[in-house]
Amino acid sequence: MNQPIQSDTALVLFSGGQDSTTCLAWALNRFSRVETLGFDYGQRHAIELACRERLLVGIKRLRADWAARLGESHTLEIPTLAAISETALTRDVAIAMGADGLPNTFVPGRNLVFLTFAAALAYRRGIANIVGGMCETDYSGYPDCRDETIRALQSALTLGMARPFELHTPLMWIDKAQTWKLAHELGGAGLVGLIREHSHTCYLGERGAAHDWGYGCGHCPACQVRAKGWGEYLARGG
Ligand code: ZN
C-alpha cells in the first residue's frame, strides 16, 4: 500500500484558484511526477472544485512535458472543518472583519489541517514534496499562512511521520501582481490566459460577471485582491 519515497515527486494543494494553479505550473517545471489534491469542506466557493478539472485539462494542453508529468488528481472530503467553523466561507453570512482583527473568512487552523492530510496522502503515494500557495505578502493576516508556521509544520510532519517531507511555498514572498508575472514566466501567455479564464477566486462563488482579471463578484475581498494584482501586473508592463 505504501510506495517507496521518491525525491522527485510532488503533491500540490490545488483548489482551482489563481495561486494554486501557479503553484502547479511551478511544480511541473521542477518535479518529474506531480499529483494534485483538493479539499471539499462545504465551502461556499465549491465552484472552485469544478474549475479544477478544466484547469487540469488546459494545463495538459499547454505543454506536452507537463502532460507527461501530471499524475492523479485527488479530492478529500473534510466536512468536519465546516462543522467546527463559524465563518463566512462556509455559512451564509456577510464577509466582515472580526473583533480579533481577522476577516470572518478565517477558518482556524485550516492550512494546518490541509497540510497534515496532504502529508498523510503523500506518505501513502511515496511523494516527498508538498507545494502550497501560502503567502505572507497579500494575505489577510491568517496566522497559518506565515512562513514560520509552515517551517514549524514541516518539522512536525517530518518527525511525526518519520519521512523527510519538504513543504514548498513559492508565493510566500511575492504579491499578486508578481504571481501573475510568475505564471507568465512559467507558462507564457497561454498559462496566464488559462488562469484568467478558468481559475476561481471569488469568496461568494460567483462566475457570472466577466472582468479583465477573470470571473467573480468584483466586490468581495478575494475579488478585490485579484483585481488589484491584475491592474498592478499590467501597470508594471505585464
Ligand atoms: Zn467575489
Side-chain angles (χ1 to χ4, degrees), residues 12-25 36 38-56 58 75 78-79 81-82 85-108 110-111 114 132-145 171 174-184 191-236 238:
V12 179
L13 298 189
F14 184 54
S15 68
Q18 176 192 353
D19 291 348
S20 66
T21 308
T22 307
C23 285
L24 176 57
T36 57
F39 295 99
D40 184 355
Y41 57 102
Q43 65 268 46
R44 293 208 298 196
H45 52 302
I47 193 164
E48 268 198 2
L49 302 177
C51 290
R52 279 168 48 203
E53 199 50 48
R54 286 193 287 273
L55 286 163
L56 290 173
T75 302
I78 33 177
L81 202 59
S85 300
E86 281 286 347
T87 83
L89 283 188
T90 52
R91 310 267 173 186
D92 191 18
V93 295
I95 294 169
M97 290 302 286
D100 54 4
L102 292 170
N104 61 354
T105 47
F106 175 60
V107 181
R110 181 176 59 174
N111 285 324
F114 285 178
M134 297 80 185
C135 172
E136 278 203 18
T137 312
D138 269 337
Y139 79 148
S140 307
Y142 297 177
D144 57 345
C145 287
L171 311 184
I174 65 176
D175 62 23
K176 284 282 187 222
Q178 290 168 311
T179 300
W180 284 111
K181 187 163 180 280
L182 176 61
H184 193 272
L191 182 61
V192 171
L194 184 73
I195 292 172
R196 281 175 63 191
E197 180 70 20
H198 291 303
S199 78
H200 185 75
T201 300
C202 180
Y203 277 149
L204 302 180
E206 287 189 18
R207 281 192 66 78
H211 310 269
D212 56 353
W213 44 265
Y215 293 88
C217 74
H219 305 293
C220 77
C223 280
Q224 286 177 358
V225 166
R226 178 156 163 163
K228 181 169 169 281
W230 177 255
E232 288 171 1
Y233 168 64
L234 293 184
R236 292 175 197 172

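Counting starts at 1 for both ligands and their atoms, following the listed order.
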Would a 4.5 Å heavy-atom cut-off, applied to side chains only, mark [X] and [Y] as touching?
{"X": "Cys23", "Y": "Phe14", "result": "no"}
{"X": "Ile174", "Y": "Cys135", "result": "no"}
{"X": "Thr179", "Y": "Tyr233", "result": "no"}

Metal-centred angle, the Zn ion (ligand 1) as apex - SG of Cys220, SG of Cys223, 10° resolution: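 With the Zn ion (ligand 1) as the vertex, the angle is close to 110°.
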Geometry at the Zn ion (ligand 1) - Cys202 SG versus Cys217 SG angle, rounded to 10 degrees: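 Taking the Zn ion (ligand 1) as the apex, the two atoms subtend 110°.
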So, 2.8 Å as the limit: is an N/O/S atom of His219 located closer than that to the Zn ion (ligand 1)?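 Given the 2.8 Å cut-off, His219 does not count as a ligand of the Zn ion (ligand 1).
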Please answer whether the main-chain N or O of Gly133 pairs with a side-chain N or O of Ser20 as donor and acceptor at a distance below 3.5 Å.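 Answer holds: no.
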